[in-house]
Amino acid sequence: MIRCHLSRLMGEKKLKIVDVARDTGINRGTITRLYQETALRVDFEVLDTLCDYFGCPIEDILEKVQD
């Protein structure tokens, strides 16, 4: 299973979904699905934008864990 740590990153910086959407240009629905870990797919462009925005490597956003 793939875990998404966007909610943790946003919490650490006290950001709301609307803040990230406004600042990055990523659709609010996409950020919501990543935040709630209900996304079924993610574009590389979205991941690249989030990495740049949070100043982190991809491993800080996504993690592969055993089921």
Side-chain angles (χ1 to χ4, degrees):
M1 169 170 56
I2 304 292
R3 298 285 319 241
C4 182
H5 299 292
L6 182 61
S7 61
R8 179 182 51 79
L9 289 170
M10 289 173 58
E12 289 171 358
K13 297 184 183 278
K14 295 182 173 46
L15 294 168
K16 297 179 183 177
I17 290 172
V18 69
D19 298 328
V20 177
R22 181 189 61 238
D23 295 344
T24 63
I26 298 171
N27 181 285
R28 185 176 175 183
T30 300
I31 296 170
T32 300
R33 287 187 292 279
L34 288 169
Y35 184 91
Q36 296 174 346
E37 295 191 60
T38 58
L40 299 177
R41 65 183 68 79
V42 184
D43 290 335
F44 287 141
E45 183 179 335
V46 169
L47 292 174
D48 186 49
T49 301
L50 289 172
C51 286
D52 290 344
Y53 182 70
F54 286 102
C56 67
I58 189 87
E59 297 85 22
D60 287 353
I61 298 175
L62 298 177
E63 175 188 16
K64 169 76 171 146
V65 295
Q66 296 300 324
D67 292 333

A.B. asks: So if you build clusters from Ile, Leu, Val, Met, Phe, Trp, Tyr with side-chain heavy-atom gaps below 4.5 Å, do Met10 and Val18 land together?
C.D. replies: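 No; tracing contacts between hydrophobic side chains, which count when under 4.5 Å, never links both residues.
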
A.B. asks: Once rounded to the nearest 0.5 Å, what's the spacing between atom CG of Leu47 and atom CD1 of Ile58?
C.D. replies: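 Between atom CG of Leu47 and atom CD1 of Ile58 there are 4.0 Å.
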
A.B. asks: Give, for atom CD1 of Ile17 and atom CD1 of Ile26, the distance between the pair rounded to the nearest 0.5 Å.
C.D. replies: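 So the CD1 of Ile17 and the CD1 of Ile26 are separated by 12.0 Å.
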
A.B. asks: Looking at Thr30, Thr24, Asn27, which hits side-chain contact (heavy atoms from CB on, under 4.5 Å) with Val46?
C.D. replies: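 That would be Thr30.
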
A.B. asks: Should we count NZ of Lys64 as having more than 12 external heavy atoms under 6.0 Å?
C.D. replies: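 Count over threshold, so yes.
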
A.B. asks: Sequence neighbours left out, cut at 3.5 Å: what donor-acceptor pairs do the side chains of residues 48-57 make with other protein atoms?
C.D. replies:
{"from": "Thr49", "atom 1": "OG1", "to": "Glu45", "atom 2": "O", "distance (Å)": "2.9"}
{"from": "Tyr53", "atom 1": "OH", "to": "Asp23", "atom 2": "OD2", "distance (Å)": "2.7"}

A.B. asks: List the atom pairs, donor and acceptor, that lie under 3.5 Å between side-chain atoms in residues 31-42 and the rest of the protein, sequence neighbours left out.
C.D. replies:
{"from": "Thr32", "atom 1": "OG1", "to": "Arg28", "atom 2": "O", "distance (Å)": "2.9"}
{"from": "Arg33", "atom 1": "NH1", "to": "Gly29", "atom 2": "O", "distance (Å)": "3.4"}
{"from": "Glu37", "atom 1": "OE1", "to": "Arg3", "atom 2": "NE", "distance (Å)": "3.1"}
{"from": "Glu37", "atom 1": "OE1", "to": "Cys4", "atom 2": "N", "distance (Å)": "3.3"}
{"from": "Glu37", "atom 1": "OE2", "to": "Arg3", "atom 2": "NH2", "distance (Å)": "3.0"}

A.B. asks: Say whether Ile2 and Leu9 are linked into one hydrophobic cluster, either directly or through other cluster members, by side-chain heavy-atom distances under 4.5 angstrom.
C.D. replies: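 Ile2 clusters together with Leu9.
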
A.B. asks: Does Glu12 have any side chain to side chain donor-acceptor pair (under 3.5 Å) partners at least two apart in sequence or in another chain, and if so, which?
C.D. replies: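 In terms of side chain to side chain donor-acceptor pair (under 3.5 Å), with neighbours along the sequence ignored, Glu12 is linked to Arg8.
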
A.B. asks: Can you sort out the partners of Arg22 under side-chain contact (heavy atoms from CB on, under 4.5 Å), two or more places apart, ordered by chain and number?
C.D. replies: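 In terms of side-chain contact (heavy atoms from CB on, under 4.5 Å), with neighbours along the sequence ignored, Arg22 is linked to Asp19.
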
